[in-house]
2 protein chains.
Amino acid sequence: MKKKTSLKDIAKEAGVSIATVSYVLSKQENSGVSQEVSDRIKDIAKRLNYRPNQIAKSLQSGKSQTVGLIVADISNPFFAQIARIVEDEAKKYGYTVIFGSSDEKATKSHDLIKFLLNRQVDGFIITPTEGSEGQIELLKEQNIPFVLIDRYFPSIDTNYVAIDNYKAAFDATKKLMENGNKRIGMVAYSTELNHMKERIQGHKDALGKGIYDESLLQEVAFERIVENIPKAINNLVKGNEPVDAIFFATNTLGVIGLKYLNELKLQVPDDIAVIVFDESEVFHFFYCPLTYVKQPLSDLAKKAVTVLLNHIKNPNAKLDKVKLNAQLVIGNSSN
Amino acid sequence: MKKKTSLKDIAKEAGVSIATVSYVLSKQENSGVSQEVSDRIKDIAKRLNYRPNQIAKSLQSGKSQTVGLIVADISNPFFAQIARIVEDEAKKYGYTVIFGSSDEKATKSHDLIKFLLNRQVDGFIITPTEGSEGQIELLKEQNIPFVLIDRYFPSIDTNYVAIDNYKAAFDATKKLMENGNKRIGMVAYSTELNHMKERIQGHKDALGKGIYDESLLQEVAFERIVENIPKAINNLVKGNEPVDAIFFATNTLGVIGLKYLNELKLQVPDDIAVIVFDESEVFHFFYCPLTYVKQPLSDLAKKAVTVLLNHIKNPNAKLDKVKLNAQLVIGNSSN
DNA sequence: CTGAAAGCGCTTACAG
DNA sequence: CTGAAAGCGCTTACAG
């Protein structure tokens with residue numbers, strides 16, 4: 001097991017001090033080391049396959065050049081896509097990303113934050129879970145840079161990058177109305193998280209006081225989607241007043257919901273019109289083109305990184321509250 | 001911006017040395033610090049919200065308690081799932097995971113390895129890309145613990161955890177034959193990577209000398225799948241001797257392929273029988289249940305972590321070469 | 001039962 | 001143009 005080569009090794013070999021080697025190798029052009037010595041050091045470094053120890057640098061600088069990414073579940077394609085973009089974007093600026101999955105549980109998210117804080121991450125990108133307000137407040141108090149993504153807490157003054165969910169849901173429902181649908185149901189998650197509340201409100205307001213009634217909104221719990229989505233859909237399509245259309249509030253809800261509509265032999269869009277929030281590969285696979293609310297995922301994630309790095313650099317920067325617009329897309333956007 | 005509290009702060013507050021605080025807080029029961037002092041230190045640590053600096057620990061110990069996970073693309077659900085399992089499994093043992101996506105490019109993979117090596121990862125879990133043999137050899141030479149996952153190089157003696165791809169493909173094709181199909185085509189990636197070679201060979205051998213002919217194998221390049229899969233399928237179904245069945249060598253190929261079969265109005269399985277290597281949510285969505293080769297993804301990823309951590313602990317452990325069996329699953333395995 | 005000291009690999013004023 | 005020294009936050013023999 002060869003030892004890794006350190007500055008000390010190079011210094012010994014070159015017959016100079018560690019400091020000199022450090023100056024040369026950290027490319028401070030103005031270091032004022034003679035060309036001859038500089039070249040010799042660089043040669044030796046290359047020959048010995050020198051790799052700077054980022055850990056030591058971090059300890060010295062107090063900066064780990066690392067960001068923590070906390071998502072609900074990295075295996076969910078929505079978050080996996082975000083992770084990928086964050087990865088690429090962070091790498092551009094020399095940052096590494098460490099990720100963790102909270103499973104929508106506040107306790108897990110709290111553990112993750114502590115774990116990553118021990119790891120000295122310079123900042124966080126977080127999709128906050130329900131009930132995690134306390135943790136977020138704590139990060140604020142400790143002046144740890146972070147940005148919330150996808151969701152945020154209106155009650156807490158933080159950086160965030162999100163979609164204008166109200167408008168997106170409003171537009172989607174209006175679209176269904178324009179197409180002649182009267183009763184438009186919605187399948188949503190039952191949660192206090194504001195991104196969901198906004199989507200629900202958008203749907204409600206689009207329909208308007210006269211038309212909207214409570215039975216049009218079907219909420220299902222995160223943990224029980226497979227069992228409860230069919231129930232929700234039955235409530236919408238099998239009552240006295242079956243709906244003409246359904247608006248699914250997320251990708252996952254849409255996947256499972258459409259699968260169930262298939263089982264019911266309900267044709268989309270002939271029997272029932274459907275709009276799904278979010279677009280995923282899965283839908284490109286459906287027997288007919290769907291309409292979705294397409295989130296600008298790439299912009300969302302890139303912006304989150306930009307905002308975070310800016311706040312890491314400049315702790316006193318004023319907070320960024322970014323809302324991006326989603327788009328209604330008919331058919332697959334990749335086509 | 002409050003400074004983070006360090007051992008020094010606690011020591012000062014408690015009126016003891018840093019060493020004593022360190023002993024108490026690292027829970028060496030046998031440290032021999034008096035109960036009274038120990039309690040006082042713990043109180044102060046709690047009050048000051050002490051969080052050990054993992055970076056400093058790492059520098060001291062030479063171990064970062066971090067593993068590098070290099071996959072082809074974290075946004076691909078197959079790898080995202082692996083990432084999730086690796087995350088959970090690694091966390092159990094106190095390890096953090098840093099991931100990176102190679103996009104199946106050897107240069108990117110090489111850069112990632114160097115980047116993560118600077119970060120002092122204790123070891124790697126890698127899905128090697130075509131042409132990355134050199135990098136893998138280098139890791140070996142430097143005695144850096146690593147395990148290859150999903151694929152490996154038969155020519156290099158390394159740890160790996162993979163599927164018995166030959167058997168899986170052989171069984172899948174045999175299954176199609178049992179069901180009465182004669183001409184069975186295969187859509188595969190064009191690559192030298194052995195997992196693909198083995199799948200191709202399994203298909204070939206199952207059909208046997210008499211039946212197999214070159215035109216049954218359609219290979220498409222990683223970079224051009226969207227354009228080339230339709231071509232490949234046309235070759236299979238529109239020639240003089242159209243195939244009865246198609247075996248898709250991966251999940252992604254299956255998704256795009258089935259979508260195209262749909263466009264051709266070919267019914268599965270009535271017009272054509274299909275088996276897809278790998279199972280994903282996407283298929284649960286298809287209008288009829290499919291048959292797939294189901295990889296034990298969870299076991300695969302867990303095993304990879306176990307193997308890696310074992311080799312980190314015990315650098316002289318003999319190499320682990322693990323092949324797991326895939327299963328033929330009819331319909332959705334989650335039902 | 002407790003502390004002084006060295007060291008992990010690096011950077012950065014400061015002095016010469 | 002170059003080096004000695006201090007320090008980042010921690011651990012760990014060693015001495016007392």
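Each chain gets a letter, A, B and so on, in the order the sequences are listed, and its residues count up from 1.
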Result block: side-chain N/O donor-acceptor pairs under 3.5 angstrom for residues 309-322 of chain B, not counting sequence neighbours:
| unit_1 | atom_1 | unit_2 | atom_2 | d |
| --- | --- | --- | --- | --- |
| His311(B) | NE2 | Asn159(B) | OD1 | 3.1 |
| His311(B) | NE2 | Lys318(B) | O | 3.3 |
| His311(B) | NE2 | Asp320(B) | OD2 | 3.3 |
| Asn314(B) | OD1 | Asn316(B) | N | 3.3 |
| Asn314(B) | OD1 | Ala317(B) | N | 3.4 |
| Lys321(B) | NZ | Asp157(B) | OD1 | 2.8 |
| Lys321(B) | NZ | Thr158(B) | O | 3.2 |

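- Remark: Ser17(A) is not in phosphate contact with dA4(D), judged by side-chain N or O atoms under 4.0 Å from OP1 or OP2.
- Using a 4.0 Å cut-off, no side-chain N or O of Ser22(A) falls inside it from OP1 or OP2 of dC10(C).
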Full working for salt bridge (charged side-chain N to carboxylate O under 4.0 Å, His left out) between Lys46(A) and Glu13(A): CA-CA 12 Å; Lys46(A) 178 156 273 175; Glu13(A) 183 104 4; over 6 Å; no

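- Comparing Gln60(B) and Ile18(B) by the nucleotide of DNA chain C whose heavy atom lies nearest to each, the residue mapping closer to the 5' end is Ile18(B).
- Straight-line distance from the CD1 atom of Ile41(A) to the P atom of dT11(C): 13 Å, rounded to whole Å.
- For Gln65(B) and dG9(D), the CD to C1' distance is 17 Å, given to the nearest whole Å.
- Applying the ring-ring contact (aromatic ring centres under 6.0 Å, His included) criterion to Phe99(A), with sequence neighbours excluded, gives Phe99(B).
- In terms of the ring-ring contact (aromatic ring centres under 6.0 Å, His included) criterion, Tyr93(B) has no residue partners (sequence neighbours excluded).
- Here dG9(D) presents its C1' atom at 15 Å from CG of Leu117(A), a figure rounded to the nearest Å.
- Close to dG9(D), at under 4.0 Å from its OP1 or OP2, lies no side-chain N or O of Ser6(B).
- Applying the ring pair (Phe, Tyr, Trp, His ring centres under 6.0 Å) test to residues at least two apart or on different chains, the pairs with a partner in residues 123-161 of chain B are Tyr152(B)-Tyr160(B).
- When the P atom is compared between dC10(C) and dC1(D), the two are found 25 Å apart, to the nearest whole Å.
- Residues passing the side chain to side chain donor-acceptor pair (under 3.5 Å) test with Thr96(A), sequence neighbours excluded: Arg119(B).
- Screening residues 87-101 of chain B for salt bridge (Lys or Arg N to Asp or Glu O under 4.0 Å), with sequence neighbours left out, gives Arg84(B)-Glu87(B), Arg84(B)-Asp88(B), Glu89(B)-Lys92(B).
- Side-chain N/O atoms of Thr20(B) include none lying less than 4.0 angstrom from OP1 or OP2 on dT2(C).
- For DNA chain C, the neighbouring residues in residues 47-59 of chain A, judged by any heavy atom under 4.0 Å, are Tyr50(A), Pro52(A), Asn53(A), Ala56(A), Lys57(A).
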Bracket notation of DNA chain D in which parentheses pair within the strand, [ ] cross earlier pairs, and | pairs with another strand (Watson-Crick or G-U, under 3.5 Å): |||.||||||||.|||

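- The nearest whole Å value for the distance from the CZ atom in Arg119(A) to the P atom in dG9(D) is 18 Å.
- Applying the 6.0 Å contact sphere to NZ of Lys323(B) captures more than 12 heavy atoms from other residues, nucleotides or ligands.
- Nucleotides dA4(C) and dG7(D) place their P atoms 16 Å apart, quoted to the nearest Å.
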Tabulate below the donor-acceptor pairs under 3.5 Å that side-chain atoms of residues 107-115 of chain B make, not counting sequence neighbours, or state none.
| unit_1 | atom_1 | unit_2 | atom_2 | d |
| --- | --- | --- | --- | --- |
| Lys108(B) | NZ | Asp103(B) | OD2 | 2.8 |
| Ser109(B) | OG | Gln135(B) | OE1 | 2.5 |

Identify the pairs formed between an N or O of the protein and an N or O of nucleotides 14-16 of chain C at a distance under 3.5 Å, and give each distance.
none

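- Protein atom CG of Asp9(A) is 10 Å distant from nucleotide atom C1' of dG9(C), rounded to whole Å.
- Among residues at least two apart or in separate chains, there is no salt bridge (Lys or Arg N to Asp or Glu O under 4.0 Å) pair with a member in residues 120-134 of chain B.
- For Thr127(B), there are no side chain to side chain donor-acceptor pair (under 3.5 Å) partners, not counting sequence neighbours.
- One can place NZ of Lys8(B) at 15 Å from P of dT11(D), the figure rounded to the nearest angstrom.
- Nucleotide dG9(D) holds its C1' atom 14 Å from the NZ atom of Lys12(B), rounded to whole Å.
- Taking a cutoff of 4.0 Å between a charged side-chain nitrogen and a carboxylate oxygen, Glu36(B) and Lys42(B) do not qualify as a salt bridge.
- Distance CG (Leu7(B)) to P (dG7(C)): 20 Å, rounded to an integer number of Å.
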